[in-house]
Amino acid sequence: MTLSAEDVRRSPEARRFDKPQDEQRRVTKAAARRLLPRRPRKEDIGTVLFALPLVLVFLYFSWGPIVRGLVMSFQRTDFVSGSTWVGWENFSYVLDDPLLPTAIGNTLWYGLLCLVFGFPLPVFLAVVISEVRHRKGLYSALAYLPVMFPPVVAILLWKVFYAPSDDGLFNTALGWVGIDPVGWLNSASSAMPALVLEATWANAGTNVIIYLAALTGVRTDLYEAAELDGAGIWRRVWHITLPQIRGITVILVLLQVIGTAQVFTEPYLFTNGGPDNATTTILLLIYNYAFINGDYGAATALSLLLAGVLCVFAAVYQLATRKLGQNT
């Protein structure tokens with residue numbers, strides 16, 4: 001019997017070979033429908049209308065001051081007699097200020113001290129607390145307790161500790177070992193380390209909790225294998241713990257550098273920039289421009305310069321750490 005072309009096309013064998021082509025056509029049509037602009041539904045319009053006031057309020061209170069500060073940096077204003085456009089004059093005034101290099105140097109010195117002495121302390125405390133087998137929650141709470149003190153209260157408390165007389169807490173302790181009283185906040189050489197000591201005590205608790213949370217993600221089998229190989233606790237910390245929490249460490253270093261570059265509360269309440277401008281930082285200089293001298297244009301100009309430097313530093317830091325992570 002002779003089969004026609006139509007019979008061959010309709011045979012089960014031919015239809016079986018046509019199935020992949022039909023499936024491909026359906027996939028192509030579905031992809032084309034996804035690429036076409038979809039008509040907004042009533043639910044989508046309602047969602048946008050519901051979120052629009054929140055977005056506008058957020059933009060007004062978050063980006064509004066930034067834009068206003070950018071404009072003010074090119075103006076001379078005291079918020080009373082109106083504003084005068086002065087162009088780059090505020091930036092020239094700030095860069096020519098002889099106190100600016102001192103403020104930059106003090107801020108870098110403060111940041112270096114915090115990074116060298118204040119940054120390893122939370123890691124050490126977190127490792128010690130993680131190794132404790134009993135009352136771990138109590139020790140975590142005690143480590144975080146200083147963070148719960150209001151900054152002003154904590155600084156006023158430490159000012160009593162730093163009293164230069166023999167009755168000061170620290171000088172009393174020094175007297176027990178035969179050391180003469182120290183003018184902690186009255187000496188240019190000891191004022192900044194004194195500020196760093198209080199700031200480390202007040203802020204280390206947050207990083208301790210973060211590191212404790214990060215340590216829970218470290219694989220225990222790595223510790224067990226290292227312990228079987230005879231590695232002590234510090235070798236386990238160096239070769240296992242620190243590499244495993246490297247991502248958290250990188251982020252916290254960046255946040256600490258940005259935070260120390262904007263230090264204000266400690267130098268303002270402890271010494272107000274003294275003695276002899278030994279603790280005058282960039283933010284304290286900005287405060288003096290705005291609220292002591294009434295020069296808000298110079299204050300916003302210096303604020304923009306600081307923000308720009310921190311943005312560049314953050315970008316370079318992220319690129320460097322990312323390349324370092326790829327190489328390792």
Side-chain angles (χ1 to χ4, degrees), residues 62-63 65-66 69-70 72-73 90-91 93-123 146-147 151-152 154-155 158 185 188 191-207 210 248-274 277-293 295-322:
S62 61
W63 288 94
I66 297 176
L70 179 62
M72 284 179 55
S73 65
N90 289 326
F91 293 91
Y93 171 76
V94 167
L95 295 176
D96 292 337
D97 188 353
L99 195 56
L100 180 61
T102 301
I104 294 175
N106 291 337
T107 304
L108 293 175
W109 178 233
Y110 177 87
L112 179 62
L113 290 177
C114 286
L115 196 62
V116 172
F117 297 102
F119 188 78
L121 180 62
V123 181
V147 183
V152 175
I155 290 174
W158 277 72
L185 301 176
M192 190 64 79
L195 269 60
V196 171
L197 179 61
E198 186 277 336
T200 301
W201 171 85
N203 302 315
T206 301
N207 289 352
I210 295 175
I248 297 295
T249 304
V250 167
I251 294 175
L252 290 181
V253 168
L254 177 61
L255 294 178
Q256 178 160 347
V257 170
I258 294 176
T260 55
Q262 303 177 69
V263 60
F264 170 77
T265 307
E266 285 80 7
Y268 176 69
L269 293 179
F270 269 122
T271 60
N272 197 22
N277 294 318
T279 57
T280 299
T281 58
I282 295 178
L283 247 66
L284 188 58
L285 186 60
I286 294 173
Y287 173 85
N288 291 334
Y289 281 154
F291 300 105
I292 303 299
N293 303 333
D295 193 347
Y296 297 98
T300 52
L302 183 53
S303 300
L304 286 177
L305 291 175
L306 176 61
V309 171
L310 291 180
C311 288
V312 172
F313 169 79
V316 173
Y317 180 81
Q318 291 285 359
L319 291 175
T321 54
R322 191 175 303 169

Original post:
Measuring from Thr280:OG1 to Ile104:CD1, what's the distance to the nearest 0.5 Å?
Top reply: 12.5 Å
Original post:
How far apart are the closest heavy atoms of Leu185 and Ala191, and which atoms are they?
Top reply: O-CB, 4.3 Å
**OP:** Answer yes or no: does atom CH2 of Trp109 have more than 12 heavy-atom neighbours from other residues, nucleotides or ligands under 6.0 Å?
**Re:** no
Subject >> Side-chain donor-acceptor pair present, Asp295, Tyr93, cut-off under 3.5 Å >> reply: no
Original post:
Which pair of non-hydrogen atoms, one from Leu310 and one from Ala261, has the smallest distance, and what is that distance?
Top reply: CD2-CB, 3.7 Å
Original post:
Side-chain contact, heavy-atom cut-off 4.5 Å: Leu112 with Val116?
Top reply: yes
Subject >> Pairwise side-chain contact, Val263 with Leu283, heavy-atom cut-off 4.5 Å (strictly under) >> reply: no
**OP:** Report the distance from atom CG of Leu108 to atom CG of Leu115, rounding to the nearest 0.5 Å.
**Re:** 12.0 Å
Original post:
Does the side chain of Leu302 come within less than 4.5 Å of Tyr289's, by heavy atoms?
Top reply: yes
**OP:** Write down the atom of Ala154, the atom of Glu198, and the distance for their closest heavy-atom approach.
**Re:** CB-OE2, 3.9 Å
**OP:** Find the distance between CG (Leu254) and CD (Gln318) and round it off to the nearest 0.5 Å.
**Re:** 5.5 Å
Original post:
Which atoms form the tightest heavy-atom contact between Pro151 and Thr265, and what is the distance?
Top reply: CB-CG2, 4.4 Å
Original post:
Taking Asn106 for the side chain and Asn277 for the main chain, is one N or O donor matched with an acceptor at less than 3.5 Å?
Top reply: yes
Subject >> Gap between atom OG1 of Thr102 and atom CG of Leu100 - 0.5 Å precision >> reply: 8.5 Å
Original post:
What heavy-atom pair brings Ala103 and Leu285 nearest, and what distance separates the two atoms?
Top reply: CB-CD2, 4.1 Å
Original post:
Counting distance only, does the side-chain N/O of Tyr110 pair as donor-acceptor with the main-chain N or O of Thr279 below 3.5 Å?
Top reply: no
Original post:
Would a 4.5 Å heavy-atom cut-off, applied to side chains only, mark Thr300 and Asn90 as touching?
Top reply: no
Original post:
CD1/Ile286 to CG/Leu306 distance, rounded to the nearest 0.5 angstrom?
Top reply: 5.5 Å
**OP:** Please confirm whether the backbone N or O of Ile258 pairs with a side-chain atom of Gln262, one donor and one acceptor, at under 3.5 Å?
**Re:** yes
**OP:** Apply side-chain contact (heavy atoms from CB on, under 4.5 Å) to the pair Thr249 and Phe119, showing each step before the final yes or no.
**Re:** CA-CA 10 Å; Thr249 304; Phe119 188 78; 3.7 Å; yes
**OP:** Can you measure from CG (Leu305) to CG (Leu95) and round to the nearest 0.5 angstrom?
**Re:** 6.0 Å
Original post:
Less than 4.5 Å apart, any side-chain heavy atom of Thr281 and any of Glu266?
Top reply: no
Subject >> For Pro122 against Asn207, the heavy-atom pair lying closest together >> reply: CB-CB, 3.6 Å
Original post:
Angle class for the Phe264/Tyr268 ring planes (parallel below 30°, perpendicular above 60°, tilted otherwise)?
Top reply: parallel
